[in-house]
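Take a look at the structure set out below.
All values reported here derive from a predicted model rather than from experimental measurement. Throughout, residue positions are numbered sequentially from 1 according to the sequence presented.
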Amino acid sequence: MTDWKLRTRMLLGDRAVEALEKKRGIVFGLGGVGGQACEALARAGIGSLDLVDKDIIDSTNINRQIIALPETVGRPKVEVMRERLEAINPQIGGDNYKVCFSQELEEKFSFASYDFIIDAIDDVEGKLLLAKMSQQDRVLFISSMGSANKLDPSQLEITSLYKTTVCPLARAMRKGARDLGLEDYPVVYSKEKPTRSEDYQPGPLASSSFVPPAAGLMMVSYVVRSLVAMEGLIK
């Protein structure tokens, strides 16, 4: 079989691909954003990826989550995602954690051994804790803000938390981060004003098949470019 990483080698070079093969990351949240991020990381050749998500797949996930299919409904997200990653790259390492990240679990997670952290959960308390721990251990970190109730992926951008506007989740995160005295850090967020059909007011967050996955891909782009740049292989 032809080297499946050939096209990536052609883009980044052999040394960069070899560097990515040695990197270890962890993704918190395997929904529309995090699931797509995991897939892209595996296809980029990341060597080891830990997965954290307490949920099982629900039928309402099928419209946007890459692991959600009629036959996977009812199964733990971490298990299905692991199977998919290993189908893409049988050599990929990593552990599964079927938990909801919270302060009670803080002592069980040491981030010092990771090369990067992706935050794709939607709980403000958990997101702030991840940001705090990543800064304490000086680990590459990027966080997703709200991608629900959005229709236009072109309005997504990577910026720093304290420069965000519009997004209700980002507003809550800015306040919480300032209260904790956190340094500014990179996020993916949308400048689009939230919207939803008048037919479903009120109710759970609405979501599309294209905005959350686009946010996940942008996060992986940031991580891969940063990792390779830290190796001095690209500017």
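No side-chain heavy atom of I57 sits less than 4.5 Å from a side-chain heavy atom of Q65. Side chains of N61 and K77 form a contact here, defined as non-hydrogen atoms less than 4.5 Å apart. Contact of the L156 side chain with the V188 side chain is registered, since non-hydrogen atoms from C-beta on lie closer than 4.5 Å. Taking the side chain as every heavy atom from C-beta outward, L20 and V224 approach each other to under 4.5 Å. A 4.5 Å side-chain heavy-atom check between C38 and L30 finds at least one atom pair inside the cut-off. Side-chain contact between P212 and Q36: absent, with no pair of heavy atoms (C-beta onward) separated by less than 4.5 Å. Considering only heavy atoms from C-beta on, F210 comes within 4.5 Å of L151 through its side chain. Residues N89 and W4 meet the side-chain proximity criterion, which asks for heavy atoms closer than 4.5 Å.
A continuous path of Ile, Leu, Val, Met, Phe, Trp and Tyr side chains, each step under 4.5 Å between heavy atoms, connects L11 with M218, placing both in one hydrophobic cluster. Using a 4.5 Å cut-off between side-chain heavy atoms of Ile, Leu, Val, Met, Phe, Trp and Tyr, with links allowed through other members, I158 and L41 fall into the same hydrophobic cluster. Under a hydrophobic-cluster definition in which Ile, Leu, Val, Met, Phe, Trp and Tyr are linked whenever side-chain heavy atoms come within less than 4.5 Å, directly or via other members, L51 and I56 are assigned to different clusters. Note on V17 and L85: separate hydrophobic clusters, where clusters join Ile, Leu, Val, Met, Phe, Trp and Tyr whose side-chain heavy atoms are under 4.5 Å apart, directly or indirectly. Note on L227: it does not cluster hydrophobically with L217, by side-chain heavy-atom contacts below 4.5 Å among ILVMFWY residues.
Judged by distance alone, the side chain of E192 and the main-chain N or O of Q155 form no donor-acceptor pair under 3.5 Å. Proximity of a side-chain donor or acceptor of R196 to a complementary backbone N or O of P204 within less than 3.5 Å is detected. Checking side-chain atoms of N63 against main-chain N and O of S207 turns up a donor-acceptor pair under 3.5 Å. Distance alone, capped at 3.5 Å, is enough to place a donor-acceptor pair between the D115 side chain and the R24 backbone. Not a single donor-acceptor pair under 3.5 Å links the side chain of S143 to the backbone N or O of I118. Judged by distance alone, the side chain of K127 and the main-chain N or O of I121 form a donor-acceptor pair under 3.5 Å. Checked by atom type and distance alone, the side chain of R82 pairs as donor or acceptor with a backbone atom of D95 at under 3.5 Å.
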Check step by step if salt bridge (charged side-chain N to carboxylate O under 4.0 Å, His left out) holds for R138 and E183. CA-CA 11 Å; R138 313 309 295 179; E183 300 171 9; 3.3 Å; yes
Passes salt bridge (charged side-chain N to carboxylate O under 4.0 Å, His left out), E231 versus K23? Steps please. CA-CA 11 Å; E231 297 286 335; K23 300 302 181 184; 2.6 Å; yes
Could you go step by step and tell me if V52 and V99 meet the side-chain contact (heavy atoms from CB on, under 4.5 Å) rule? CA-CA 6 Å; V52 184; V99 296; 3.8 Å; yes
Stepwise, does the side-chain contact (heavy atoms from CB on, under 4.5 Å) test hold for Y97 with V78? CA-CA 7 Å; Y97 298 93; V78 289; 6.0 Å; no
Go through F116 and M230 one step at a time and tell me if the side-chain contact (heavy atoms from CB on, under 4.5 Å) criterion holds. CA-CA 12 Å; F116 65 90; M230 290 163 65; over 6 Å; no
side-chain contact (heavy atoms from CB on, under 4.5 Å) assessment of D119 paired with I142: CA-CA 6 Å; D119 160 33; I142 187 167; over 6 Å; no
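Within 6.0 Å of the CZ atom in R15, the count of heavy atoms belonging to other residues, nucleotides or ligands does not exceed 12. Sparse packing is recorded around NZ of K54, with 12 or fewer heavy atoms of other residues, nucleotides or ligands lying under 6.0 Å away. The neighbour count for D122 CG, taken as heavy atoms of other residues, nucleotides or ligands under 6.0 Å away, does not exceed 12.
Interatomic distance, CD1 of I66 versus OG1 of T72, reported as 11.5 Å (0.5 Å rounding). With rounding to the nearest 0.5 angstrom, the CD1 atom of I88 is 10.5 Å from the CD atom of E86. Separation of atoms OG (S113) and CG (D137) is listed at 8.5 Å; rounding is to 0.5 Å. Taking CG from L182 and CZ from R174, the interatomic distance works out to 14.0 Å, rounded to the nearest 0.5 Å. The line from CZ of R171 to OH of Y189 is 11.5 Å long, rounded to the nearest 0.5 Å. For the atom pair R178 CZ and Y162 OH, the distance stands at 6.0 Å (nearest 0.5 Å).
The heavy-atom pair separating I92 from A42 by the smallest distance is CD1-CB, 4.1 Å. E79 and R75 get closest at one heavy-atom pair: OE1-NH2, 4.0 Å. Among all heavy-atom pairs drawn from Y114 and V139, the shortest one is O-CG1, 3.6 Å. The two atoms that bring M145 and C167 nearest to each other are CB-SG, 3.9 Å, heavy atoms only. The nearest pair of heavy atoms linking A120 to V33 is CB-CG1, 4.0 Å. Contact between V211 and S147 at its shortest, heavy atoms only, is CG1-O, 3.7 Å.
Membership of the apolar cluster around M10 extends to L6, as traced through chained side-chain contacts below 4.5 Å between ILVMFWY residues.
With sequence neighbours left out, Y222 forms a ring pair (Phe, Tyr, Trp, His ring centres under 6.0 Å) with no residue at all. Under the ring pair (Phe, Tyr, Trp, His ring centres under 6.0 Å) criterion, F141 pairs with Y185, not counting sequence neighbours.
Test V166, N149, D152 against K193 for side chain to side chain contact (heavy atoms under 4.5 Å, CB included) and you get one pass: V166.
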